[in-house]
Protein chains: 2
Amino acid sequence: MTDLPSVSLALDDQLCFKLYAASRAVTRAYKPMLDQLGLTYPQYLVMLVLWEWHACAPHLPTVKALGERLLLDSGTLTPLLKRLEQLALIKRRRSAADEREVHLSLSEAGQALRDRVQPLKARLLCDSGVDLSHADALRQGLDQLLRQIRALL
Amino acid sequence: MTDLPSVSLALDDQLCFKLYAASRAVTRAYKPMLDQLGLTYPQYLVMLVLWEWHACAPHLPTVKALGERLLLDSGTLTPLLKRLEQLALIKRRRSAADEREVHLSLSEAGQALRDRVQPLKARLLCDSGVDLSHADALRQGLDQLLRQIRALL
DNA sequence: GTTAATCATATTGTGTGCAATTGAATTGCT
DNA sequence: AGCAATTCAATTGCACACAATATGATTAAC
């Protein structure tokens, strides 16, 4: 029977709320840029992974590998990937070697889209006026928090 | 024609992704506790605001006031509040003075629920092993980021 | 004192997130 | 080989988020 500390329930004291609010605010800040690209925010994250994969990895990513990278499951990814396929940005192909897997690849248009992102994101970063070293410290802090939470399973 | 800086598109460099991933991870960490309370995470945040309001404010909050506090709009809040009303945790009453407004108040059960949260959250905080000063620094950093983004409109 | 503009909430539609289940394919064990 | 356990994707159902629109109420302009 250990003594539990008393805990604040004030909204402004909640790290969880700040995280939730800041995450949605950042997504909103990306909206004008993403509208120009015709992507939603999660679709943009998927494209980031596929661009990165396309540049360095020797084999195509599966839905599972993508999900591990983004911490999303097939219930979220399957319909999202179908929309990206409808937009002709990606291709989905059932693996011949293991028919349970679906391999993902970029179309020409999907590859080309990357070139349009760079200047838009640079402009967004400039306009936001966010201090780079401050943002970096925040990113590292979030990384540490994420690892701790994932350690709890 | 200003020169735009070159920007990384690597997923791990993106503050936005760390924020998005950490926010969802924290929500998952709250899930066992919230399941015991019969609440979803956004519903829990609404209850935090109503408990706080109930304790100090002289008048009942409206949907609008709640939305300003949580940065959510009526499209999200209206159905969520109806579910909380179905759970008999809150009451919704159209204002007599201004029929555009809906005033929110806690039921007896809604007030009583607060007492069950305190120990559950203390236990969660203990088990998480998150360093308090670290969490506090993170919270302040997020606060600053949130203010900067909101300043962009 | 109408009329126009504004305001607060509700509704609709699209796109996530995520738990739970399904179903097909593969692997492991014997 | 045969069968149970596991794996991967898809599906289903529910609850957000949020843009866009609608509706009714209030305020402001004239």
Side-chain angles (χ1 to χ4, degrees), chain A residues 16-17 19-32 34-35 37-47 60-68 70-87 90 92-104, chain B residues 16-17 19-32 34-35 37-47 60-87 92-104:
Chain A
C16 67
F17 172 62
L19 216 41
Y20 167 81
S23 177
R24 287 186 300 115
V26 168
T27 300
R28 272 195 295 274
Y30 270 84
K31 184 102 199 322
L34 294 177
D35 283 346
L37 298 171
L39 295 174
T40 66
Y41 182 70
Q43 287 168 7
Y44 169 67
L45 293 180
V46 166
M47 293 304 290
L60 297 181
T62 62
V63 174
K64 178 175 177 56
L66 181 64
E68 284 170 352
L70 294 173
L71 308 178
L72 290 171
D73 71 0
S74 72
T76 300
L77 288 176
T78 296
L80 188 159
L81 292 169
K82 285 182 178 175
R83 278 173 214 119
L84 287 178
E85 193 179 34
Q86 286 300 308
L87 294 172
I90 71 167
R92 296 158 67 242
R93 175 132 45 173
R94 184 91 30 196
S95 166
D98 186 338
E99 298 232 349
R100 292 171 306 178
E101 299 176 344
V102 169
H103 292 303
L104 305 171
Chain B
C16 66
F17 172 62
L19 216 39
Y20 166 81
S23 177
R24 287 186 298 116
V26 168
T27 300
R28 272 195 296 275
Y30 269 84
K31 183 101 198 323
L34 293 177
D35 283 346
L37 299 170
L39 295 175
T40 66
Y41 182 70
Q43 287 169 8
Y44 169 66
L45 293 180
V46 166
M47 294 304 290
L60 297 181
T62 62
V63 174
K64 178 176 177 57
L66 180 65
E68 284 169 353
R69 195 87 176 85
L70 295 174
L71 308 178
L72 291 171
D73 70 1
S74 73
T76 301
L77 289 176
T78 296
L80 189 159
L81 292 169
K82 285 182 177 174
R83 278 173 216 119
L84 287 178
E85 193 179 34
Q86 285 301 307
L87 294 173
R92 296 158 67 242
R93 175 131 47 170
R94 184 92 32 193
S95 166
D98 185 338
E99 298 232 350
R100 292 171 305 179
E101 299 176 344
V102 169
H103 293 302
L104 305 170

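Only heavy atoms go into these numbers, but all of them, side chains included; no hydrogens, no water, no symmetry mates. Fair warning: this is a prediction, and the values are worked out from it, not measured in the lab.
- Nucleotide dT7(D) holds its C1' atom 15 Å from the CG atom of Asp73(A), rounded to whole Å.
- Here the CD atom belonging to Glu101(B) is positioned 4.5 Å from the CG atom belonging to Asp98(B), to the nearest 0.5 angstrom.
- At least one side-chain heavy atom of Leu104(B) sits under 4.5 Å from a side-chain heavy atom of Leu81(B).
- Within the model, atoms CZ of Arg28(B) and NZ of Lys31(B) stand 11.0 Å from one another, a figure rounded to the nearest 0.5 Å.
- The span of DNA chain C lying next to chain A, judged by atoms under 4.0 Å from heavy atoms, is bounded 5' to 3' by dG15(C) to dT26(C).
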key: side chain to side chain contact (heavy atoms under 4.5 Å, CB included) evaluation trace for Leu39(B) with Met47(B)   = CA-CA 9 Å; Leu39(B) 295 175; Met47(B) 294 304 290; 4.1 Å; yes
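- Listed by chain and number, the residues in a side chain to side chain donor-acceptor pair (under 3.5 Å) with Arg92(A) are Glu85(A) (sequence neighbours excluded).
- When each of Thr40(A) and Glu99(A) is assigned the nucleotide of DNA chain C with its nearest heavy atom, Thr40(A) is the one assigned upstream, toward the 5' end.
- Partners of Tyr44(A) under the ring pair (Phe, Tyr, Trp, His ring centres under 6.0 Å) rule, at least two apart in sequence or in another chain, are Tyr30(A).
- A search for side chain to side chain donor-acceptor pair (under 3.5 Å) contacts involving Lys82(B) returns nothing, not counting sequence neighbours.
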Review item, nucleotides 11-13 of chain D N/O atoms under 3.5 Å of protein N/O:
from    : atom 1 : to       : atom 2 : distance (Å)
dT11(D) : OP2    : Lys82(A) : NZ     : 2.7

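- Annotation: proximity of residues 60-68 of chain A to DNA chain D (heavy atom, distance under 4.0 Å) is found for Thr62(A), Val63(A), Lys64(A), numbered in ascending order.
- Residues satisfying the ring pair (Phe, Tyr, Trp, His ring centres under 6.0 Å) test with Tyr20(B), not counting sequence neighbours, are Tyr41(A).
- Comparing the axis of the opening five pairs of the helix from dG1(C)-dC30(D) to dT30(C)-dA1(D) with that of the closing five pairs yields an angle of 20°, rounded to 10°.
- Contacts between residues 19-29 of chain A and DNA chain D, defined by a heavy-atom separation below 4.0 Å, involve Tyr20(A), Arg24(A), Arg28(A), listed by number.
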Considering only nitrogen or oxygen atoms on both sides, find all protein atoms under 3.5 Å from nucleotides 1-3 of chain D and state each distance.
none

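- At least one donor-acceptor pair closer than 3.5 Å links the side chain of Gln43(A) to the backbone N or O of Thr40(A).
- The separation between Arg92(A) atom CZ and dC8(D) atom C1' is 13 Å, rounded to whole Å.
- Using a 4.0 Å heavy-atom distance criterion, Leu77(A) is classed as making no nucleic acid contact.
- Residues Ala29(B) and Pro32(B) share a closest heavy-atom pair of O-CD, 3.4 Å.
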request  = Go through the steps for Leu66(A) and Val46(A) under the test side chain to side chain contact (heavy atoms under 4.5 Å, CB included), then give the verdict.
outcome  = CA-CA 8 Å; Leu66(A) 181 64; Val46(A) 166; 3.9 Å; yes
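- Considering every non-hydrogen atom in both Val26(A) and Cys16(B), the closest pair reads CG1-CB, 3.5 Å.
- Distance CG (Leu72(A)) to P (dC8(D)): 17 Å, rounded to an integer number of Å.
- Under the rule for a side chain to side chain donor-acceptor pair (under 3.5 Å), the partners of Glu68(A) that lie at least two apart in sequence or sit in another chain are Lys64(A).
- Arg24(B) and Leu70(A) get closest at one heavy-atom pair: NH2-O, 2.9 Å.
- Whole-Å rounding puts the Arg83(B) CZ to dA17(D) P distance at 11 Å.
- In this entry the distance linking CZ of Arg94(A) with C1' of dC8(D) reads 8 Å, nearest Å.
- In terms of heavy atoms, Gly38(B) sits closest to Leu87(B) at O-CD1, 4.0 Å.
- Distance, Asp35(A) CG to dC18(D) P: 13 Å, rounded to whole Å.
- Rounded to whole angstrom, the span from the CG atom of Leu104(A) across to the C1' atom of dA9(D) amounts to 11 Å.
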Report all side-chain donor-acceptor pairs from residues 71-79 of chain B shorter than 3.5 Å, counting only partners two or more places apart or in another chain.
from     : atom 1 : to       : atom 2 : distance (Å)
Asp73(B) : OD1    : Gly75(B) : N      : 3.2
Asp73(B) : OD1    : Thr76(B) : N      : 3.2
Asp73(B) : OD1    : Thr76(B) : OG1    : 3.4
Thr78(B) : OG1    : Ser74(B) : O      : 3.0

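- Atom-to-atom, CD of Glu101(A) to C1' of dA10(D) comes out at 15 Å; the value is rounded to the nearest Å.
- Between the side chain of Arg94(B) and the main chain of Val102(B), no donor-acceptor pair closer than 3.5 Å is present.
- Picking from dA9(D), dT26(D), dC16(D) the nucleotide with the shortest atom distance to the side chain of Pro42(B) gives dC16(D).
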